[in-house]
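Keep in mind the model is a prediction, meaning the values are calculated, not measured. Excluded from the calculations below are hydrogen atoms, water molecules and symmetry mates; all remaining heavy atoms, backbone and side chain alike, are included.
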Amino acid sequence: MVEAAAGAGLAPGDDLAAEMLALQPGAHLCLIYENDPAEQMPALLPYFQQGLDNGERCIYVADDQTNEQLAMAFTEYGIDVEPLLASGALQFLRRDVWRQPGELDSARKSEQVRDIVDEALAHYAGVRIAVEMTWTLGPDIDTDLLEHWEATINDIFTPAVPARIVCQYSRARLTREALEAGIATHPLVVLGTDVCPNPFYKAPFILGSHAPDSVDAGARLGDEDRVDWMVAQLRWARAFESERSRRVQAEESARRAELNRRRTQEMYDMAWATAEDLRRAHQMKDEFLGMVSHELRTPLTTIYGNARILNRASLVLADEDRKQALQDIEIEAERLQQIIENLLVLARFERDGLAPGKGFEVRERVEEILSDFRRRRPARPITLQFAKSDTEETWYGKKHSELRIAANEVYLEIVLKNLLSNADKYSPAGAPIDVSVETVREKVWFSVLDRGKGLPPDDLSRIFEPFDRGSYTGHSEGLGIGLAVCKRIVDALGGVIQATPRRDGGGGSEFSFALPLAD
């Protein structure tokens, strides 16, 4: 009989291992293999692994294999052999220990096996034995005596005893008569990949027909009881198959239930993550709207206030005051334009991705961008340096003025303008902003260096996130999207961008990005 092998960790379709793991206490199996003793191991290794996991003693009586071969097979299966052998939980016995001297006597052999079982049960939760039946060779044991002994084993291994035994018969080395004796005396037979109820099992007849005096008379079977016994065997075989079918159905139901549980869990996790994303998105939307409202209100207030002052007919302004009011309006209008431009760039990248471009010359375009920035910020000194490359003034035979980037030139303008505005915002009045351009391998590196208070280390990893201006800003204005726009553009162009403390010891921060050169 078999019981469910839940939790055995079997691979799908491993039917033989499942049957071996489902063996009940008292199981007595005949395992028939063809030539190679290794053929037995797919059935025996999970059988022993389960026993060791359950705190049982496992005994292998080896004759067709060496102890070294067994240890290697057990180890490759994942069983840690050495400590188990040392503790006695696993034992490898040889023919000289298992085979008693002289003629095989069932009563004397029964005492030996019962002693092995009792000694194991005194220290362990159960015992599992596997015996290579080639121990019956050289000198050969009489087939009738072997048959009687195998039939007697069924009186030792009963459902009341937490013990199991597998007798392994080699078709290549054992005689036909020995194989017939093995099949006739085992309720279950392992054949190929199947554990089969044995319709040829007739141990009670064997014990009844020529049992020695030591055999319990209750085990003998007379002619008048044979029909009842045969009917009982048919019912037992039917019950075996029915129970196996129920177990297979139960395992399939458990597998489907587990799949459904996992799918349900995945759907739940997905729903939770979606809800969390929506919550964060809603929170970010609220924060964004609040920041946009504040950010737009500041320049609009300045523009509106100065426009009202300039529009008052009764108010006479000095030329210097009028010039300052107009300059404030221009600066704040420009600031509004940059805020809107950054927002549009972010939205456009999310919707359309990267817009193609014809490419542009690096030096000429950088000088144009800095010239425009100087015009708008005349009070801010800006230095520009084209660093020498691997070949001094040239790079792979090209002068700096000939270097080109294969992209839309508006993207370089957006990135540099944002980095320059950022440096201008956080640098003390009158402190210069340093810009450098250098070629390294197949990229052009652009660096903007300010002389502000610098970035704390914790800000370096998140400074390019939207709406995050870091723990130190020094100013209240700013949506924190300028650097996010820079990162989106540089990433889309196949470049890299980074923020570091200024490396030349001048204090402040250094924002650098690299774009690949055109072929």
Side-chain angles (χ1 to χ4, degrees), residues 26-33 37 40 44 48 56-71 85-86 88-124 127-158 161 163-186 203-204 206-217 219-220:
H28 180 204
L29 284 80
C30 172
L31 188 157
I32 299 175
Y33 63 98
Q40 315 166 68
L44 296 177
F48 278 127
E56 302 174 17
R57 170 173 281 175
C58 294
I59 302 172
Y60 196 111
V61 181
D63 183 77
D64 216 10
Q65 301 183 84
T66 66
N67 287 7
E68 290 73 19
Q69 289 173 322
L70 288 174
L85 290 173
L90 178 64
Q91 293 183 346
F92 293 157
L93 304 183
R94 305 304 301 177
R95 175 204 295 241
D96 57 350
V97 175
W98 186 258
R99 177 167 179 162
Q100 296 172 319
E103 186 177 65
L104 176 61
D105 179 83
S106 295
R108 191 157 53 94
K109 187 66 177 172
S110 294
E111 291 179 5
Q112 178 200 22
V113 174
R114 288 183 189 277
D115 287 343
I116 291 174
V117 171
D118 291 343
E119 197 277 331
L121 295 181
H123 302 91
Y124 295 89
V127 59
R128 297 183 185 219
I129 303 175
V131 183
E132 293 181 353
M133 296 303 296
T134 49
W135 68 272
T136 62
L137 300 174
D140 293 358
I141 291 177
D142 180 80
T143 303
D144 288 338
L145 295 178
L146 171 62
E147 187 180 59
H148 189 273
W149 158 241
E150 284 281 43
T152 305
I153 291 179
N154 295 293
D155 289 338
I156 302 173
F157 290 81
T158 67
V161 180
R164 301 163 178 84
I165 187 168
V166 180
C167 302
Q168 299 133 257
Y169 282 78
S170 169
R171 294 192 68 179
R173 296 189 60 192
L174 295 172
T175 65
R176 177 182 59 80
E177 292 79 10
L179 291 168
E180 288 180 357
I183 293 173
T185 53
H186 291 79
I206 296 169
L207 293 178
S209 60
H210 54 271
D213 294 338
S214 59
V215 176
D216 185 357
R220 306 175 187 221

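- From H148, atom NE2 reaches atom CG of L104 across 10.0 Å, with rounding to the nearest 0.5 Å.
- Atom CD of E56 sits about 11.5 Å away from atom CD1 of I129, to the nearest 0.5 Å.
- In this structure, CG in D142 is found 16.0 Å from CH2 in W149, a value given to the nearest 0.5 Å.
- Atom-to-atom distance recorded for Q100:CD and D105:CG is 8.0 Å, nearest 0.5 angstrom.
- Atom CD1 of I165 is separated from atom CG of N154 by 10.0 Å, given to the nearest 0.5 angstrom.
- Contact of the C167 side chain with the H28 side chain is registered, since non-hydrogen atoms from C-beta on lie closer than 4.5 Å.
- At most 12 non-hydrogen atoms from other residues, nucleotides or ligands lie less than 6.0 angstrom from CZ of R171.
- At a threshold of 4.5 Å between non-hydrogen side-chain atoms, the residues Q112 and K109 count as touching.
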Table please: side-chain donor-acceptor pairs of residues 133-141 below 3.5 Å, with sequence neighbours left out.
unit_1, atom_1, unit_2, atom_2, d
T134, OG1, D63, OD2, 2.7
T136, OG1, M133, O, 2.8
D140, OD1, G138, N, 3.2

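- Q40 places none of its side-chain heavy atoms less than 4.5 Å from the side chain of Y169.
- The closest donor-acceptor contact from the side chain of Q65 to the backbone of A62 lies at 3.5 Å or more, if one exists at all.
- Taking 4.5 Å as the limit, some side-chain heavy atom of E150 sits within range of a side-chain heavy atom of I153.
- In terms of modelled atom types and a separation under 3.5 Å, the side chain of Y124 and the main chain of A89 share a donor-acceptor contact.
- Considering every non-hydrogen atom in both S170 and L179, the closest pair reads O-CD2, 4.3 Å.
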Item to check | CA sep, side-chain torsions, deciding dist, call: L44, L31, side chain to side chain contact (heavy atoms under 4.5 Å, CB included) | outcome: CA-CA 10 Å; L44 296 177; L31 188 157; 4.2 Å; yes
Item to check | Check against side chain to side chain contact (heavy atoms under 4.5 Å, CB included), R94 and N67 | outcome: CA-CA 8 Å; R94 305 304 301 177; N67 287 7; 2.8 Å; yes
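- Among residues two or more places apart in sequence or in another chain, the side-chain hydrogen bond (donor to acceptor under 3.5 Å, both in side chains) test is passed with Y33 by D64.
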Next on the checklist: If you apply the rule side chain to side chain contact (heavy atoms under 4.5 Å, CB included), what do you find for V161 with I156, and how did you get there?
Outcome noted: CA-CA 8 Å; V161 180; I156 302 173; over 6 Å; no
Please list every donor-acceptor pair under 3.5 Å in which a side-chain atom of residues 116-123 meets a protein atom from a residue at least two apart or in another chain.
unit_1, atom_1, unit_2, atom_2, d
E119, OE1, R57, NH1, 2.4
H123, ND1, E119, O, 3.1

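- Atom CD of E132 and atom CG of L70 lie 6.5 Å apart (nearest 0.5 Å).
- Ring-plane geometry between F48 and Y60 is classed as tilted, the angle between the planes lying from 30 to 60 degrees on a 0 to 90 degree scale.
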